[in-house]
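Taking it in order: structure first as structure tokens, then the write-up.
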Amino acid sequence: MHHLHSTVTPWYQQRWPWLLMLGPAIVVAGSAFTAYLAFSTPDPVVVGDYYKQGKAINQDLTRDRVASAMGLSMTLTYDASRSVLSGQVQRLHGGGMTEPMRLRLSHATLPDKDIEATLQPDTAGRFEAPLAMLERSRWVVLVEGEKRDWRLAGAWVWPKERGVALVAD
């Protein structure tokens with residue numbers, strides 16, 4: 001009679017348990033990395049004080065009505081080869097504006113990429129301003145008077161659109 005004496009190796013020395021545990025281990029590592037990304041980079045799109053934002057919207061509507069009463073319109077173009085933003089602002093009756101204006105280009109998702117500039121038009125309402133290379137993005141354009149009494153707003157997808165026209169409604 002033959003006795004079969006097999007030596008049983010412990011489970012941790014076999015290949016199959018480790019191979020079966022590899023999938024869940026990868027999922028746990030990926031989840032930990034995703035959690036790290038979620039908590040280390042805040043979402044800049046979320047606004048903390050909705051009530052204050054709502055009150056600001058009403059003020060913006062008043063400034064839009066003032067721009068509409070003035071008959072304001074503006075064109076903006078960006079020349080990437082010269083790194084210059086140029087344009088013209090006009091009134092419906094009375095030609096170009098010559099008073100200084102504030103320009104704000106807001107990046108669609110990253111507030112640290114926002115650009116602010118002061119524009120000084122000539123007697124015909126034309127202006128040029130040096131501007132670092134615009135990133136490919138959708139930009140929210142806001143132009144307002146120096147006293148913040150009027151504003152023109154719009155959206156600009158650069159470089160898909162070479163320029164943007166802002167017209168008071």
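All values derive from a computational prediction rather than experimental measurement. Just so you know, these numbers use all the heavy atoms, side chains as well, and skip hydrogens, waters and symmetry mates.
E99 is not listed as a side-chain neighbour of K147, based on a closest heavy-atom distance of 4.5 Å or more. Contact check for R104 versus W139: no side-chain heavy atoms found under the 4.5 Å cut-off. Using a 4.5 Å heavy-atom threshold, the side chains of T77 and L85 count as separate.
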Show me the side-chain donor-acceptor pairs of residues 23-31 shorter than 3.5 Å, one per line, residues at least two apart or across chains.
from, atom 1, to, atom 2, distance (Å)
S31, OG, V27, O, 2.9

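With hydrogens and angles disregarded, no donor-acceptor distance shorter than 3.5 Å links the side chain of D79 to the backbone of V84. Judged purely by atom type and a 3.5 angstrom limit, S68 has no side-chain atom pairing as donor or acceptor with the backbone of D64.
Smallest separation of non-hydrogen atoms from P100 and T118: CB-CG2, 4.4 Å. Of all heavy-atom pairs between R151 and A67, the closest is O-CB, 3.3 Å. In this structure, V89 and F127 approach most closely via the heavy-atom pair N-CE2, 4.3 Å. Residues Y12 and W18 share a closest heavy-atom pair of O-NE1, 2.8 Å. Listed here is the closest heavy atom pair of W158 and L134: CZ3-O, 3.2 Å. Heavy atoms only, all atoms of each residue included: L110 and D114 are closest at O-OD1, 3.7 Å.
One hydrophobic cluster holds both V66 and V141 under the rule that ILVMFWY side chains link at heavy-atom gaps under 4.5 Å. No continuous path of ILVMFWY side-chain contacts below 4.5 Å connects L152 to V167, so the two sit in separate hydrophobic clusters. Side-chain heavy atoms closer than 4.5 Å link hydrophobic residues (I, L, V, M, F, W, Y) into clusters, and following such links, even through other members, never connects W16 to M21. Hydrophobic clustering (ILVMFWY, side-chain heavy atoms < 4.5 Å, transitive): L103 and M133 are in one cluster. Follow the hydrophobic side-chain contacts under 4.5 Å out from V140 and you never reach L142; the two are in separate clusters.
Rounding to the nearest 0.5 Å places CD of E135 at 12.5 Å from CG of L105. A distance of 15.0 Å separates CG of L76 from CZ of R162, quoted to the nearest 0.5 Å. With rounding to the nearest 0.5 Å, the separation of CD in Q88 from CZ in R126 is 5.5 Å.
Taking the side chain to side chain contact (heavy atoms under 4.5 Å, CB included) definition, one finds that A129 meets it with L119, sequence neighbours left out.
With respect to D149 and R63, no salt bridge is recorded, no charged nitrogen being found less than 4.0 Å from a carboxylate O. Between R138 and E161, none of the side-chain N atoms (NZ, or NE/NH1/NH2) sits under 4.0 Å from a carboxylate O, so this pair counts as no salt bridge. The existence of a salt bridge linking R102 and E146 is excluded, since no basic side-chain nitrogen approaches an acidic carboxylate oxygen closer than 4.0 Å.
With hydrogens and angles left out, the side-chain atoms of T123 and T98 include no donor and acceptor closer than 3.5 Å.
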Is there a side chain to side chain contact (heavy atoms under 4.5 Å, CB included) between M101 and M74? Walk through the geometry before answering. CA-CA 12 Å; M101 296 171 280; M74 174 181 271; 3.8 Å; yes

Using side chain to side chain contact (heavy atoms under 4.5 Å, CB included), reason through S83 and Y78 one step at a time and then give a plain yes or no. CA-CA 7 Å; S83 296; Y78 181 67; 4.0 Å; yes

